[in-house]
Each structure stands twice: as structure tokens, then as C-alpha cells.
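Comments concern the structure below.
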Amino acid sequence: LSAAAFATATYDGQILHANDGYSSYGFLTVRDREAALDFPLDLAVNGDTATLTATVPLDRRDFGVGPADQDGTVAFPVTIDIALTATRGD
């Protein structure tokens, strides 16, 4: 993966109420490849500030990152840790 050529990954999804809190369903685009993601998340709202955290497992081969037959130096499954804080504006 060339970080200079593909400096941005984009997630487009919705936050949904789940039985035990919240989840998100959407699509992650890395490089020129898109894959569906569905994952649980923690969401806390305090006044005008919302904080979201999640841990998302995925297979890097879905995005063409690294050779598919790599010798085990980097695992195929990887984990993305998300931490987002949003503040309501005027």
C-alpha cells in the first residue's frame, strides 16, 4: 500500500440502535476497493459533545493491501481502533 498514493480511507455508514447499545453498518473504501462493515460501537453524548469508540476487525486482503500469499509477517486479519469526538456547532 502506497501511503502517498492512497492517503485517505473513507467510511460511509449509519449508527443504529442495537439490542445491547449501538452498531454501525456501512462501507469502508481503502485504495479503490470498497467492503461492507457491520460493527458494534460505544456512543456517549454529554451536552454538545458525542464520543464514539469501536474496534473493527477486517481482512486487509479485501482492500488489496499486501500480497495474498505473504509469509506471515503481517497477519491477514487486522484490527482498526476508532476514537471519534464530535462537538455540536452553532
Side-chain angles (χ1 to χ4, degrees):
L1 178 64
S2 170
F6 302 103
T8 303
T10 303
Y11 178 74
D12 184 13
Q14 297 180 350
I15 295 174
L16 309 167
H17 287 278
N19 291 336
D20 56 350
Y22 294 93
S23 68
S24 183
Y25 178 78
F27 295 89
L28 177 65
T29 303
V30 177
R31 297 178 59 154
D32 56 351
R33 299 190 185 183
E34 182 179 83
L37 288 181
D38 183 9
F39 57 90
L41 58 91
D42 294 318
L43 177 65
V45 179
N46 186 5
D48 289 338
T49 302
T51 303
L52 178 149
T53 58
T55 299
V56 183
L58 57 89
D59 189 324
R60 64 181 175 77
R61 295 172 293 182
D62 291 342
F63 303 98
V65 177
D69 60 348
Q70 196 163 8
D71 64 3
T73 55
V74 177
F76 296 136
V78 295
T79 302
I80 298 175
D81 292 320
I82 300 169
L84 174 70
T85 300
T87 303
R88 186 178 316 194
D90 295 329

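Starting from 1, each residue takes its place in the sequence as its number. Side-chain atoms are counted along with the backbone in the values below, which use heavy atoms only and exclude waters and symmetry mates. These numbers were taken from a predicted model, which means no experiment stands behind them.
- For residues 43-53, no pair satisfies side chain to side chain donor-acceptor pair (under 3.5 Å), with sequence neighbours left out.
- Applying the side chain to side chain donor-acceptor pair (under 3.5 Å) test to pairs two or more places apart or on separate chains, those with a residue in residues 78-88 are Thr55-Asp81.
- For Ala9, the side chain to side chain contact (heavy atoms under 4.5 Å, CB included) partners two or more places apart in sequence, or in a different chain, are Leu28, Val30.
- Listed by chain and residue number, Arg61 satisfy the salt bridge (Lys or Arg N to Asp or Glu O under 4.0 Å) test with Asp59 (two or more places apart in sequence, or in another chain).
- Between the CD1 atom of Ile82 and the CG atom of Asp42 there is a distance of 11.5 Å, given to the nearest 0.5 Å.
- Minimum heavy-atom separation, Arg33 to Asp62: CD-O, 3.7 Å.
- Residue pairs meeting the side chain to side chain donor-acceptor pair (under 3.5 Å) criterion with at least one partner in residues 9-22, sequence neighbours excluded, are Tyr11-Ser24.
- Closest heavy-atom contact between Pro40 and Ala54: O-CB, 3.7 Å.
- Under the side chain to side chain contact (heavy atoms under 4.5 Å, CB included) criterion, Ala36 pairs with Tyr25, Phe27, sequence neighbours left out.
- Remark: Ile15 CD1 to Leu41 CG distance equals 5.5 Å, nearest 0.5 Å.
- With hydrophobic clusters built from ILVMFWY side chains whose heavy atoms lie under 4.5 angstrom apart, Ile80 shares a cluster with Leu43.
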